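For ligands, and for the atoms within them, numbers begin at 1 and follow the listed sequence. What you see is a predicted model; the values in this text were computed from it and never measured.
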Amino acid sequence: MIAGRHALVTGGGSGVGREIALALAEADVAVTICGRTAEALEAVASEHPHIHAIPADITDPESVERLYSQAESERGPFDIVVANAGTATSAPAAKTKLSDWKKTLDVNLTGSFLTVQPALAGMAERKAGRIIFIASVAGLKGYGYVAPYVASKHGVVGLMRALATELAKTGVTVNAVCPGYVETEMLQESVARIVEKTGRTEEEARASLLAGNPQKKFIQPDEVASAVVWLCSKGAGSVNGQAVSISGGETW
Ligand code: NAP
């Protein structure tokens, strides 16, 4: 039973994070969402009474500390932490700017570590907890023109495996969900970049992103959310250290 638990979902103000927050709230979980844009967070919080919004920047340890302190004093320690916030840029590796490399690693990898680190000791002590990283199929295989993203997501999968091993005896599980291209704002931006850089039509750009997906369809945000809810359930208690691919069979 996950009803009554308290969950943190980073990047809950949009896309996949919003859908995860709503799915957990529907399962009667108290959900705290964070991100840097207060208005986006408030808009999602207004969709369900179980969702509270607290603005925070996951790349700033003090900001994350303030978030934990406020959320946990209001609704108890986090039982579930979903490190979902992320960012992506694209460019040929030879032309990738150091600033883009650093920013991507900072948000996707270091930010994911900073997100979960404050929860680890308490979860281990209480002998219960669920940590879920939203990685990507780009954490499992290589893709061109997104070197910082692929490197950061491989790092997230490695971080997940390290924590799953370290916490295995505590009753806490640590897993990653690895979606293929999900129909969100981030996907729209990728399509727009391809159109701009290659002169292809939007339809051609979308088809090129689906080239590696055997089912030839984009993943829906609620499919990612369903996997997260399942990983939080009692029945998934022996699922630990897994990178669950939600990709129509693109990776396994
Ligand atoms: P999105 O709509 O752009 O969501 C990213 C979220 O992260 C935003 O809400 C953003 O909020 C938040 N964020 C970014 N930097 C942050 C920071 N420094 N501190 C706190 N929050 C921050 O994209 P999405 O598609 O939902 O992506 C969610 C996750 O799924 C990401 O980890 C992404 O890599 C992964 N994923 C996406 C796809 C896809 O095709 N869309 C596929 C595989 C994996 P603010 O800007 O307000 O801070």
From A135, G86, G15, G13 - option closest to atom 35 (C) of ligand 1 by heavy atom: A135
- prompt: N/O of V182 under 3.5 Å from N/O of ligand 1, yes or no?
  reply: yes
- prompt: Are V182 and V157 connected, step by step, through hydrophobic side chains (Ile, Leu, Val, Met, Phe, Trp, Tyr) whose heavy atoms are closer than 4.5 Å?
  reply: no
message: Can you check which of A38, S152, G12, P179 brings a heavy atom nearest to atom 43 (C) of ligand 1?
response: P179
query: T10 near ligand 1, heavy-atom distance under 4.0 Å?
result: no
message: I'd like the name of whichever of S190, G11, A56, C34 reaches closest to atom 20 (C) of ligand 1 through any heavy atom.
response: A56
task: With heavy atoms only and a cut-off of under 4.0 Å, state how I58 meets ligand 1: side chain, backbone, both or neither.
output: both
Best match, P221, A85, G139: closest heavy atom to atom 13 (N) of ligand 1: A85
field: Shortest reach to atom 36 (N) of ligand 1 by a heavy atom, considering only Y181, Y149, F133
entry: Y149
query: Would you say ligand 1 has an N or O under 3.5 Å from any N or O of T184?
result: yes
task: Find out if a path of hydrophobic residues (ILVMFWY) with successive side-chain heavy-atom gaps under 4.5 Å connects L67 to V29.
output: no
message: Heavy atoms only, cut-off 4.0 Å: how does N84 contact ligand 1, side chain, backbone, both, or neither?
response: both
message: Could you check whether E183 pairs with R206 (Lys NZ or Arg NE/NH1/NH2 to Asp/Glu carboxylate O, under 4.0 Å)?
response: yes
query: Short N/O distance, under 3.5 Å, between S136 and ligand 1?
result: no
message: Would R36 count as being in polar contact with ligand 1, using the rule that some N or O on each side must be under 3.5 angstrom apart?
response: yes
- request: Measure K153 to ligand 1 on non-hydrogen atoms and call it side chain, backbone, both or neither using the 4.0 Å cut-off.
  value: side chain
